[in-house]
Every structure is written in structure tokens, then in C-alpha cells.
There are 2 protein chains.
Amino acid sequence: MSIQKRRERERAERERLIVAAARELAEAEGWEAVTTRRLAAEIEYSQPVLYSHFKGKEAIMAAVAVEGCAELAAELRAARTAVSGHREALAAVGEAYTAFARRRPALYDAIFTLDVGLPFATPEAPAELWEAFGELSRAVAPVAAEGEDPALLTETYWAALHGLATLTRSGRLPEEAHAARLALLTGHFAAGAS
Amino acid sequence: MSIQKRRERERAERERLIVAAARELAEAEGWEAVTTRRLAAEIEYSQPVLYSHFKGKEAIMAAVAVEGCAELAAELRAARTAVSGHREALAAVGEAYTAFARRRPALYDAIFTLDVGLPFATPEAPAELWEAFGELSRAVAPVAAEGEDPALLTETYWAALHGLATLTRSGRLPEEAHAARLALLTGHFAAGAS
DNA sequence: CAGATTGGCTAGCGCTGCTAGCATCGCGGT
DNA sequence: ACCGCGATGCTAGCAGCGCTAGCCAATCTG
């Protein structure tokens, strides 16, 4: 029996290895450099082994995305709880969000840009994703005006941050004015709050 | 002499054909269906002919993007000039922008999402792009508050629209509440305007 | 100890963007 | 009028992609 247990352990360890290798490669050279061949070489197994763990490349990327999501949630929480005041919290979360997108572009893309078949906005979405959205929500809800749906306002603020992050990173918005744009955004969203 | 002229004409016509075929294919089946082989078959020439007109697939996509940009600019202008009042114009432009993204996803992606080597936010950016941004600007600037940089505010509003458009289209935001989110956004940006 | 089952491998399929090298066609000079 | 030459578009192929069929060995089971 313990032999089977060991096997399972080794198998789980190898799966962890695959995800870690995919993440490292993506963060170092971008997702276009992450091929199943390179990934297989990295973990020192043959290509088909990957397919005994994941349905395909997309599933591997989705696993990396979920991992990154947990980190994003943690960073948002840290930013939010480090300041006091609703406006300050909103600004801090916005700053943390765009900083994450800038510092971990591969993770960010896996979560929010690329199509990896990850369910969103449904109960089947991974808990890490809900947690990250919850952190955004805890920063946005307090600045919601009378009669505004906090969830909708969170979605809107999130979308705005996403737009800033992606357009800036792709070079479509000049990098140097990022802070100023973020300030404008948070200012307009926290217009009537303390 | 007129033979060379005819040749040039035919060549220009063929180039137009390539871009048109790429656009049609992309709009009908998405960019992943646009391969150089299918494109060549569509224009009834061999593959290498494409490379005598464009440096590569990216350049073809960029040409489609510029074309789409002109249409986006026209639609934004139409939306803006069809209503009166600054708030109304801002809302109309926002609606037109997200509608364009939804109705012409392939064009939108070529312009704003995919990396096709198109210069942005520099003098080398194509005139069509500047024109589209100018239309946004004409809608945003009138609602800028005292001391706010209209250009920066335009960029921020644009980024927010881009976020809404991309997240909604990729299924990360539920479609049905799009109008409500757009209303929240424009409301917050036009807070102090007439 | 023989037979069944599992697990990882090699090899290969059909596709991608792109290019080298070869024909053929038509212009310009003698 | 004809011949050489440059331009033009073709066939064929390269290297790499995601993914899978089928084999072979090692392990578990009766």
C-alpha cells in the first residue's frame, strides 16, 4: 500500500514541477517561449508525460494562472490593509494591481488576457480568483455612492485597471504617465467618499 | 511607360486584395484561422507572393488594423455628433466604442490587443489611430474638471473602455450587465459636468 | 512463476510562418 | 529582329508547433 502512496506522492511532485517550470519559463521568456518540448526537457521527461497530467498546454497555463491569482490576492490584501481611509485603500489596491501586472506580466496574462479556459464570474471559478476579486471589492465597496451596486462598481473599477495595465504594458500608453492616470481614475471613482 | 503603370496598378490592387481577404477571414473565423496558406489560396496566388507585399503576417494584420481604425474613428465621430450635451456625448462615445469591440472583435483585437508592431502614442502612429483618439478626446475633454489634463483623462477613459470591452468579450465579465457598468463609468467621469 | 496492467518512451501526423532556388515571361540594347 | 537579363511567381522544403499512436519494459496480481 505504501508503495502506491509513494507513487502518488511522486506523481504529485512531478505535476508541481511541471507547473513551476512553466511559470519560470513564462516569466523569464514569455509564454511564446513555453513549448511542450522545452517544458518536457526542463522537467527531464518526455513530451507525452505532460499529457498524462494535463489535458493540454492550456490546462498547464490555467494551473499557473490559479497560482498567480493567489499571489495577486495576497498582494491586494496587503496593499489594502497597509493604509487607512477609503480613498487611500482604493488607490493602494489600484497601485498594487497595476504593479502586479507590470512585475509579473506572464502571470497576469495567463489570468486575465490569454484564453486558457479558466471559468470566470461563475461559481466554478477557482477560489483564488474569487479571493482576488473579493479584495478589490473590499476596497471599492466603501466608496460606492448611494444606490450604486458595489459589485458592479468593483467590476467597472477592475476593468479600468485592466485597461490601464494592458495598454501600458503593450506600449499603447506611455509608461511615464501611468501614476497620473491611475490617480485620475481613483479620484473619479472615490469622488464622493471620505 | 503605361505598361509599368498598369503593373503598379495591378500590384496595388493585389495588395488591397490581400488585406481585404485577411480582414474577411479574421472577421468570419478569427485571427487564428488566418494562415498564410489560406490567405494565399483566397487571393489565388502562392504563399511567397504575400511576402513580396508585406514583411510578414504581422504586417498584414497591421494593415487590417489601420483600416479598422478609420472605421472606429468614423463611428465614434458619428456617435458624438448625434447627441447634444457633454455627458451625453461621453456616454455615446463609450457606447460606440464598446459596441465596435463587440461587433468587430477581429478588427478590435488587431488594433488594441494583439501585438502587430503598430506604433502607438508616437508621431509615427498612423493618422487613422490619431483620429480615433482625437474623437475620444473631443468627447472627454469637455468633462475634464479644473486642473485635469484632458489628454491624460482621455487616456484613462480609453483604458477603462478597453478593459470593459476585452474583459466582457473574453467572458470574464458577464455580458448582461455591460450597459450598467458603462453607465457607472461614464457617470464617474462626467461627475462635475453639465 | 506466468499473465495482465501500468507508465514512459520513440516516432510521427498535420499544421504553422517563412524562404531558397528555379523556371518563365517580357523589356531594353544591339 | 533577336538575344541577354532582370523581374516575378512558382514548387518544395525547413524548423518548429501541439498533440497522439503504438511499442516496450517494469511492476503488480493470481
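The chains referred to below are lettered A, B, ... by the order of the sequence lines, with proteins before strands, and numbering in each begins at 1. All values below come from the heavy atoms of this structure, side chains included, with hydrogens, waters and symmetry mates left out.
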J.: In whole angstrom, give the distance that lies between atom CG of A/Leu50 and atom P of D/dT20.
T.: 12 Å

J.: Output yes when at least one side-chain N/O atom of A/Arg14 is less than 4.0 Å from OP1 or OP2 of C/dG8, else no.
T.: yes

J.: What is the distance, to the nearest angstrom, from the CD1 atom on B/Ile18 to the P atom on C/dG17?
T.: 14 Å

J.: Can you check salt bridge (Lys or Arg N to Asp or Glu O under 4.0 Å) on A/Glu75 and A/Arg103, steps first, answer last?
T.: CA-CA 12 Å; A/Glu75 293 186 20; A/Arg103 192 162 35 90; 2.5 Å; yes

J.: Return a single string for nucleotides 12-17 of chain D, one symbol per nucleotide in 5' to 3' order, where B is base contact, S is sugar-phosphate-only contact and - is none, cutoff 4.0 angstrom on heavy atoms.
T.: -B---B

J.: What is the distance, to the nearest angstrom, from the CD1 atom on B/Ile60 to the P atom on C/dT16?
T.: 14 Å

J.: Atom OH of B/Tyr45 and atom P of D/dC10: how far apart are they, to the nearest Å?
T.: 7 Å

J.: Taking atom CD of A/Glu13 as the centre, does the number of heavy atoms from other residues, nucleotides or ligands within less than 6.0 Å exceed 12?
T.: yes

J.: Listing request: all salt bridge (Lys or Arg N to Asp or Glu O under 4.0 Å) pairs with a residue in residues 145-160 of chain B, at least two apart in sequence or in separate chains.
T.: A/Arg181-B/Glu155

J.: Counting only side-chain N and O atoms of B/Tyr51, is one of them less than 4.0 Å from OP1 or OP2 of C/dC18?
T.: yes

J.: Rounded to whole angstroms, how far apart are CD on A/Glu44 and P on C/dC9?
T.: 11 Å

J.: Could you check how far CG of B/Leu39 sits from P of C/dG17, rounded to whole Å?
T.: 9 Å

J.: Hey, what do you get for CZ (B/Phe189) to CG (B/Leu90), rounding to the nearest 0.5 Å?
T.: 8.5 Å

J.: What's the CZ-P distance between B/Phe54 and C/dG17, to the nearest Å?
T.: 15 Å

J.: Could you state the CD-P distance from B/Glu29 to C/dC15, rounded to the nearest angstrom?
T.: 14 Å

J.: Using the rule ring pair (Phe, Tyr, Trp, His ring centres under 6.0 Å), only one of B/Phe133, B/Tyr157, B/Tyr108 pairs with B/His162; which is it?
T.: B/Tyr108

J.: Should we say atom CD of A/Glu10 is surrounded by more than 12 heavy atoms from elsewhere, each under 6.0 Å from it?
T.: yes

